[in-house]
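Worksheet: one structure, shown below.
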Amino acid sequence: MNFNTLGLSEPILKAIAKQGYDAPSPIQEKAVPAVLQGQDLMAAAQTGTGKTAAFTLPMLEILAQGQRAKSNQVRALVLTPTRELAAQVQASVALYGEFLQLRSAVVFGGVKINPQMMKLRGGVDILVATPGRLLDLYQQNALHFKQLELLVLDEADRMLDMGFIHDIRKILNLLPAKRQNLLFSATFSNEIRTLAKGMVKNPVEISVTPPNSTVKSVEQWLVPVDKSKKSALLTHLIKENNWSQVLVFSRTKHGANRLCRHLEGHRLKAAAIHGNKSQAARTKALADFKHNKIQILVATDIAARGLDIDQLPHVVNFDLPNVPEDYVHRIGRTGRAGATGEAISLVSADEFKQLAAIERLIQQLITRQYEDDFIPVHELPESKLDKRPIKPKRPKKQKAGHRDGQRSGENAQGHKPSRQKPRSQRGGNAGDRTPARKRQGQKQRTKQARPR
Ligand code: AMP
């Protein structure tokens with residue numbers, strides 16, 4: 001199939017050709033004609049599948065036909081969970097809409113509101129926004145939705161994880177009832193389906209990746225290591241293997257900063273990207289990473305969400321996420337577009353519970369590989385695959401805190417940090433230093449066999 005058969009007009013086809021895309025990706029093939037027919041959509045697709053173009057292309061086509069936006073009006077609204085994703089979606093809108101006369105804008109929290117209000121004054125055809133800032137702008141009378149034709153909810157699962165459900169419901173109430181709705185989510189939990197019920201009407205359902213499955217072209221392995229040795233191990237792995245571009249995930253902002261300092265102390269160029277960093281610092285770190293000015297980008301899950309970095313060769317989980325689905329999102333950053341990538345997790349004994357939850361979610365045991373100088377004192381217990389089905393998650397409780405793209409002073413629902421068990425109940429067999437691969441039945445890889 002090629003793009004000419006999807007029903008898109010010349011200016012859009014010209015912009016696509018300029019990007020050098022040969023053929024639509026599977027999600028684009030299915031979504032574009034359905035959206036052009038005016039249907040609502042529910043699509044299960046992760047970053048890297050071409051989902052942004054899947055909604056942007058038909059959205060531009062539809063908007064190119066109608067009346068332009070009047071002052072302070074918006075014709076299409078794209079909601080995203082993070083600032084980075086909002087900026088990237090806006091960049092795609094500008095790219096694919098280069099040969100059209102449509103106006104677009106992006107608004108998110110963490111930067112001054114006044115310039116955003118000025119931009120909206122003349123009206124915009126497409127507005128990409130994070131939910132909190134959008135509501136702020138609405139309350140300040142900078143926005144009206146009378147002309148709204150189309151709503152896109154991007155990465156809906158992450159919006160819920162980040163506690164935006166109330167904001168989203170508020171926004172839905174402000175929009176005209178007659179509109180087209182497109183909902184994109186990496187996974188479709190019961191919670192998302194409940195949200196969808198009140199939002200989309202008779203949607204076309206598309207799924208391009210089975211929910212919660214990991215990307216096939218990603219080689220996953222883990223190194224059991226004591227917590228205190230993780231920074232040294234990471235430095236060793238990067239230097240020994242000459243990894244040139246590494247995205248490292250840290251569970252906490254402080255952990256990310258600490259790790260950055262350690263890496264820099266060992267003459268490795270690194271930068272951290274997380275919610276406490278200014279927007280300017282985050283944008284600079286990402287640009288430096290993309291242009292190979294820094295070798296290592298250390299990110300928290302929320303900040304990393306939606307980062308568009310193609311074909312990243314190495315993703316490292318410096319610590320395992322508390323929410324197993326985040327593991328799938330994290331490793332989705334590598335091995336894109338047919339290129340293989342490696343996802344390496346540094347796992348200490350106290351993270352066994354998280355490891356077991358991840359292995360249960362992805363329904364596979366992650367290959368273990370011991371590094372000679374880093375054999376842990378606190379041994380990581382042997383994994384056994386839990387094949388029981390996973391129950392749908394309950395909605396999370398309110399928790400104070402400020403999240404990306406959210407208004408200051410407002411409560412957010414966030415990840416509930418898992419409580420560590422008392423030391424006596426934790427996994428691991430201190431004192432037994434025999435590497436698990438010698439005793440475990442599961443497949444183990446030798447150092448020589450590691451893919452480069
Ligand atoms: P997304 O899933 O929207 O994050 O897109 C991932 C990457 O795929 C982006 O860098 C796009 O530029 C690229 N892309 C989108 N559609 C196509 C296509 N049809 N052919 C090749 N690359 C594409």
Side-chain angles (χ1 to χ4, degrees), residues 1-8 12-36 41-61 76 78-98 104 106 126 128 152-159 182-187 206-211 213-218 245 247 286-287 289-291 299 303-313 315 328-341:
M1 180 172 271
N2 68 40
F3 278 104
N4 297 331
T5 58
L6 293 184
L8 297 165
I12 296 178
L13 292 174
K14 196 168 144 192
I16 295 170
K18 203 171 160 187
Q19 290 309 305
Y21 301 166
D22 295 329
S25 68
I27 185 148
Q28 292 161 3
E29 221 172 86
K30 292 176 189 154
V32 174
V35 178
L36 287 179
L41 193 72
M42 261 175 80
Q46 296 179 5
T47 306
T49 54
K51 70 179 170 72
T52 315
F55 63 76
T56 306
L57 299 174
M59 175 174 77
L60 289 169
E61 185 69 45
V78 183
L79 289 176
T80 73
T82 65
R83 306 160 194 188
E84 279 79 11
L85 185 59
Q88 280 162 23
V89 171
Q90 148 78 359
S92 295
V93 168
L95 219 57
Y96 304 132
E98 185 187 345
S104 62
V106 59
I126 302 125
V128 187
V152 182
L153 214 61
D154 195 11
E155 303 202 348
D157 51 345
R158 183 51 51 134
M159 296 243 203
L182 318 179
L183 188 146
F184 286 76
S185 189
T187 53
I206 300 175
S207 175
V208 287
T209 41
S213 74
T214 50
V215 184
K216 289 283 176 288
S217 55
V218 178
Q245 210 187 20
L247 177 61
L286 182 59
F289 185 59
K290 279 188 176 180
H291 297 118
R305 186 70 180 168
L307 286 185
D308 181 17
I309 312 162
D310 280 343
Q311 298 175 11
L312 207 52
V315 166
V328 180
H329 292 307
R330 286 178 176 191
I331 75 162
R333 305 266 148 231
T334 180
R336 287 198 194 163
T340 46

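In each ligand, atom 1 is the first atom listed, and ligand 1 is the first ligand listed.
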Per-atom contacts, ligand 1 versus Gly50 - under 4.0 Å to a heavy atom: 1 (P), 2 (O), 3 (O), 5 (O), 15 (C)

Charged N to carboxylate O below 4.0 Å: is that the case for Lys14 and Glu98? no

Considering only heavy atoms of Thr52, which atoms of ligand 1 have at least one such atom less than 4.0 Å away? 1 (P), 3 (O), 4 (O)

Distance-minimising heavy-atom pair for Leu95 and Gln19: CG-NE2, 3.2 Å

Worked verdict on Glu61 versus Leu36 for side chain to side chain contact (heavy atoms under 4.5 Å, CB included): CA-CA 8 Å; Glu61 185 69 45; Leu36 287 179; 3.5 Å; yes

So is Lys51 polar-close to ligand 1, meaning N/O to N/O under 3.5 Å? yes

Whether Thr49 side chain and Ala45 backbone form a donor-acceptor pair below 3.5 Å: no

Using heavy atoms and a threshold below 4.0 Å, how should the contact between Gln28 and ligand 1 be classified: side chain, backbone, both, or neither? side chain

Are any side-chain N or O atoms of Ser185 and backbone N or O atoms of Asp157, one a donor and one an acceptor, separated by less than 3.5 Å? yes

Numbered atoms of ligand 1 (with element) below 4.0 Å of Ala23, judged on heavy atoms: 18 (C), 19 (N), 20 (N)

How far apart are the closest heavy atoms of Thr5 and Asn2, and which atoms are they? OG1-O, 2.9 Å

Honestly, for Phe3 the part within reach of ligand 1 (heavy atoms, under 4.0 Å) is side chain

Enumerated ligand 1 atoms positioned under 4.0 Å from heavy atoms of Ser25: 19 (N)

Check each heavy atom of Ala54 against ligand 1 and say whether those closer than 4.0 Å belong to the side chain, the backbone, both or neither. neither

